Amino acid sequence: MNMRIFIADDEEIIRDGIRRCIENEGFAFAGEAPDGEMALPMLLEMKPDVLITDVRMPFLDGLELARAVRRALPWTRIVFLSGHDEFEYAQKAVSLRADAYLLKPVDSARLVHTLHEIAARIEQERQSYLRAADRGEQDILHGYFLNELLSGRVSTATAMEQDWGLKLAARRYIVCQCKIGGTAETLGQVRAVVTRAFEERTEIVWFFRGSRLVLLLKGEDGDEVRERAYETAQALRHEMDAFLGLTVRVGIGTVVERLGALPESYRCAREAEAASGAIVGYADLPAQPRFDFTANVSLEEKLRHATAEDVPRLLAAYFGSAEEDDVKSVLYRNYLLMDLLVTAARMHGEGGETPRPPDPQEVLRRAATLEGTKQCAAETLTALLRSAPQRENVRYGAEIRRAKRFIQENYADGGLSLHTVAAEVGFSPNHFSTVFSQETGETFVECLTRVRIEAACRALREGDARMSDVAFAVGYHEPHYFSYLFKKITGMTPSDYRRSAREG
């Protein structure tokens, strides 16, 4: 095993001696630091297998460093070094589950023996995990590992190195949490149905956390992973209802790009599952900000949705969209500020009051610095928005009509996604997902599925194409999945629908 070792000691001669000893024995030297304060961020980044640390060091001693490491990197083995043969230090080392406690001056033979013992214990644990899997306890092992991963207690490096055959490497991930009705007695049946449903789905990793089923979906594209999560949730609800008569509630988290970000996706999935609804995506929760001020829409559109409380977010997006060197230019700052204030004043006047235009001289004086520009914008805009007449919730009728028209014109494209349609109407994907659900009463995936199935119905009524050809023609590359969705929505298989339409 290529065990990686980090050294923390305030004596350079000690660090040099240990480093030579490590390299001579074929172990990997992961790094070093002269005190605990410098060592901790390096340890969190490098995530070594073993930490060798002096007990007494300046700024942050070895015992405090070990406590921090135990919380953040619980798998890391710890070897304490001390020049003081004192019971108090040894007792604290035991409480921190130290793997060894060596006295200075460090005997090289003793250190080598200790490191080989630690390497042997690590390898023994690894082999015991593998034997547990071979004995049919793989699901328990996977569940424990995934639970630790989603709780943030396993590093990305460890997850990739010791994923126990789960093949977690991917470009995008999303987590779903499923609450399945039933009792403890039905859990075995639920597990059997889940195994049957997902046994050939290599892009899905699942385990039970208590009574809840947790799904980890992986893929290469964010839209693809997100839409697959909705499709999987629909399929799971169908399977549980058809075979066990149980209801399922599914919360879908956010798409993330790193294994280390899975805890955030899992947190979002839990919040979505706690909301009311059969299948709820985190992006659809009303608790999210109502408007995304980074969206690719006009300044007037952003101001139309802004309240006084939104001013900090609006200004951060407004001034942050320009290049830093441009913002430092006085002329450009004046332009940004005047455009913002004049637009806001004009829109304020549309409420029935005569707008008071900003004083150009005052603007020039306040905009002498970037901070002054932002402060002037914040004060003036906040005052305008607080004095504006109450508005009803802004509607997105035009944007939603454009999105629906785009879906109708492009549903046959198997690559049509939420990102594609959001870009077409000039919104960010998250903002578009929220707005679409609020305005139409259905998610983007539900709308696209409905449009495709309606088109399939027309094709089945009016032609003799094969079922697989109909599936491809409406945007589905998997005929079996198309048949499943068709029956779920219409109550009939495609063949039965065609027969019924012709007989009627």
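On a predicted model such as this, the values are computed, not experimentally measured, just so you know.
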Q: So does Glu224 get a backbone contact from the side chain of Arg172, meaning a donor-acceptor N/O pair under 3.5 Å?
A: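 Checked: no pair found.
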Q: Apply side-chain contact (heavy atoms from CB on, under 4.5 Å) to Arg4 and Phe27, showing your working.
A: CA-CA 6 Å; Arg4 301 171 65 250; Phe27 296 118; over 6 Å; no
Q: Looking only at heavy atoms, which two atoms of Ala272 and Val280 are closest? And how far apart?
A: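 What the structure gives for the nearest pair is CB-O, 3.3 Å.
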Q: Counting only N and O atoms by type, is there a donor-acceptor contact under 3.5 Å from the side chain of Arg237 to the main-chain atoms of Val248?
A: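 Answer holds: yes.
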Q: Does the pair Arg56/Asp35 count as a salt bridge with the N-to-O cut at 4.0 Å?
A: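 Judged by the 4.0 Å cut-off on N to carboxylate O distance, Arg56 and Asp35 do not form a salt bridge.
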Q: If you look at every heavy atom in Ile174 and Ala229, which pair is closest and at what distance?
A: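 That closest heavy-atom pairing would be CG2-CB, 4.0 Å.
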Q: Keeping the roles fixed (side chain from Ser265, backbone from Val175), state whether a donor-acceptor pair exists under 3.5 Å.
A: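 Yes, because the side chain of Ser265 sits within donor-acceptor range (under 3.5 Å) of the backbone of Val175.
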Q: Flag the pair Arg267 and Glu264 as a salt bridge only when some basic side-chain nitrogen lies within less than 4.0 angstrom of an acidic carboxylate oxygen.
A: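 Yes, this pair counts.
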Q: Is there a donor-acceptor pair closer than 3.5 Å between any side-chain N or O of Arg249 and the backbone N or O of Glu273?
A: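 Side chain of Arg249 to backbone of Glu273, a donor-acceptor pair under 3.5 Å: yes, one is there.
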Q: Under a 4.0 Å N-O cut-off, is there an ion pair linking Arg15 with Glu32?
A: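 Here Arg15 pairs with Glu32 in a salt bridge, since their nearest N and O are under 4.0 Å apart.
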Q: How long is the straight-line distance from CZ of Phe198 back to CD of Glu239, given to the nearest 0.5 Å?
A: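 If I round to the nearest 0.5 Å, the distance is 8.0 Å.
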Q: Taking side chain as C-beta onward, heavy atoms only, is Thr53 less than 4.5 Å from Asp9?
A: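 No, too far: nothing below the 4.5 Å cut-off.
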Q: Dump the intermediate steps for side-chain contact (heavy atoms from CB on, under 4.5 Å) on Ile118 and Val50, then the final yes or no.
A: CA-CA 9 Å; Ile118 292 173; Val50 180; 4.0 Å; yes
Q: So which heavy atom on Pro48 is nearest to which on Leu43, and how close?
A: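 Smallest interatomic distance, heavy atoms only, reads CG-CD2, 3.6 Å.
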Q: May I ask you to test the Leu217-Tyr173 pair for a side-chain heavy-atom distance under 4.5 Å?
A: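 Leu217 does not reach Tyr173 side chain to side chain.
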Q: Please lay out, stage by stage, how Leu216 and Phe207 fare under the test side-chain contact (heavy atoms from CB on, under 4.5 Å).
A: CA-CA 9 Å; Leu216 167 59; Phe207 71 104; over 6 Å; no
Q: Are the charged groups of Glu64 and Arg67 less than 4.0 angstrom apart, N to O?
A: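 The answer is yes: the pair qualifies as a salt bridge.
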Q: In the structure I gave you, are the side-chain heavy atoms of Ile5 and Leu51 within less than 4.5 Å of one another anywhere?
A: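 The answer is no; the side chains never approach within 4.5 Å.
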Q: How long is the span from the CE atom in Met3 to the CD1 atom in Ile22, to the nearest 0.5 Å?
A: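 With rounding to 0.5 Å, CE (Met3) is 8.0 Å from CD1 (Ile22).
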Q: Taking atom CD1 of Ile78 and atom CG of Leu65, what is their separation to the nearest 0.5 Å?
A: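 Separation between the atoms: 7.5 Å.
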Q: Measure from the side-chain N and O atoms of Thr382 to the backbone N and O of Ala378, and report whether any donor-acceptor pair falls under 3.5 Å.
A: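 Yes, Thr382 side chain to Ala378 backbone: donor-acceptor pair under 3.5 Å.
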Q: On a heavy-atom basis, which atom in Ile279 and which in Ala233 lie closest, and how many Å separate them?
A: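 Heavy-atom minimum between the residues: CD1-CB, 3.7 Å.
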Q: Rounded at 0.5 Å granularity, tell me how far CG in Leu81 sits from OH in Tyr101.
A: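 One gets 9.5 Å once the value is rounded to the nearest 0.5 Å.
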Q: Are any side-chain N or O atoms of Lys179 and backbone N or O atoms of Leu213, one a donor and one an acceptor, separated by less than 3.5 Å?
A: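 Not a single qualifying donor-acceptor pair exists.
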Q: Donor-acceptor pair, distance only, cut-off 3.5 Å: does the side chain of Ser82 make one with the backbone of Val55?
A: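 No, because the side chain of Ser82 does not come within donor-acceptor range (under 3.5 Å) of the backbone of Val55.
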Q: State plainly whether the residues Arg77 and Asp99 are in salt-bridge range, i.e. N to O under 4.0 Å.
A: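 Between Asp99 and Arg77 there is a salt bridge, with a charged N closer than 4.0 Å to a carboxylate O.
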Q: Taking all non-hydrogen atoms of both residues into account, name the closest pair between Thr443 and Phe436 and its distance.
A: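 Thr443 and Phe436 have their closest heavy atoms at O-CE2, 3.8 Å.
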Q: Could you walk me through whether Val250 and Gln177 pass side-chain contact (heavy atoms from CB on, under 4.5 Å), step by step?
A: CA-CA 6 Å; Val250 184; Gln177 176 162 291; over 6 Å; no
Q: Can you tell me how far apart CZ (Arg110) and CG (Leu115) are? Round to the nearest 0.5 Å.
A: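 So the gap between those two atoms works out to 11.0 Å.
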Q: Are Trp206 and Val214 packed together at the side-chain level, in the sense that at least one heavy-atom pair is separated by less than 4.5 angstrom?
A: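 The answer is no; the side chains never approach within 4.5 Å.
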Q: Just to verify, what does Arg171 make a side chain to side chain contact (heavy atoms under 4.5 Å, CB included) with, not counting sequence neighbours?
A: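 Listed in chain order: Glu220.
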Q: Measuring only between side-chain heavy atoms, which start at C-beta, is Leu215 closer than 4.5 Å to Val205?
A: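 Answer no - side chains too far apart.
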Q: Any chance you could measure Arg20, atom CZ, to Glu23, atom CD, to the nearest 0.5 Å?
A: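 Taking CZ in Arg20 and CD in Glu23, the distance rounds to 9.5 Å.
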Q: For His113, I'd like to know if atom NE2 has over 12 heavy atoms of other residues, nucleotides or ligands within 6.0 Å.
A: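 Atom NE2 in His113 is not packed in, count stays at 12 or less.
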Q: With no hydrogens and no angle check, is any side-chain donor or acceptor of Asp54 less than 3.5 Å from a backbone partner on Met57?
A: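 Absent.
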Q: Heavy atoms, side chains only, cut-off 4.5 Å: are Ile7 and Phe29 in contact?
A: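 A side-chain contact under 4.5 Å exists here.
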Q: Is Arg270 positioned over the aromatic face of Tyr266, cation under 6.0 angstrom from the ring centre and no more than 45 degrees off axis?
A: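 Judged by the rule (NZ or CZ under 6.0 Å from the ring centre, within 45° of its axis), Arg270 counts as positioned above Tyr266.
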Q: Using only atom types and a distance under 3.5 Å, with no angle test, would you say the side chain of Asp223 pairs donor to acceptor with the backbone of Ser417?
A: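 No, the answer is negative, given that no donor and acceptor are paired below the 3.5 Å cut-off.
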Q: Provide the closest heavy-atom pair for Cys178 versus Leu236 in the form atom of the first, atom of the second, distance.
A: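 Looking at all heavy atoms of both residues, the closest pair is SG-CD2, 3.7 Å.
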Q: Are the side chains of Leu315 and Leu340 in contact, using a 4.5 Å heavy-atom criterion?
A: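 Yes; the side chains approach each other to less than 4.5 Å.
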Q: If we only count heavy atoms from C-beta on, is the Asp241 to Thr247 side-chain gap below 4.5 Å?
A: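 Sidechains of Thr247 and Asp241: no contact.
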Q: Indicate yes or no for a side-chain donor-acceptor contact from Arg228 to the backbone of Gly219 under 3.5 Å, with no hydrogens or angles considered.
A: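 A pair under 3.5 Å: no.
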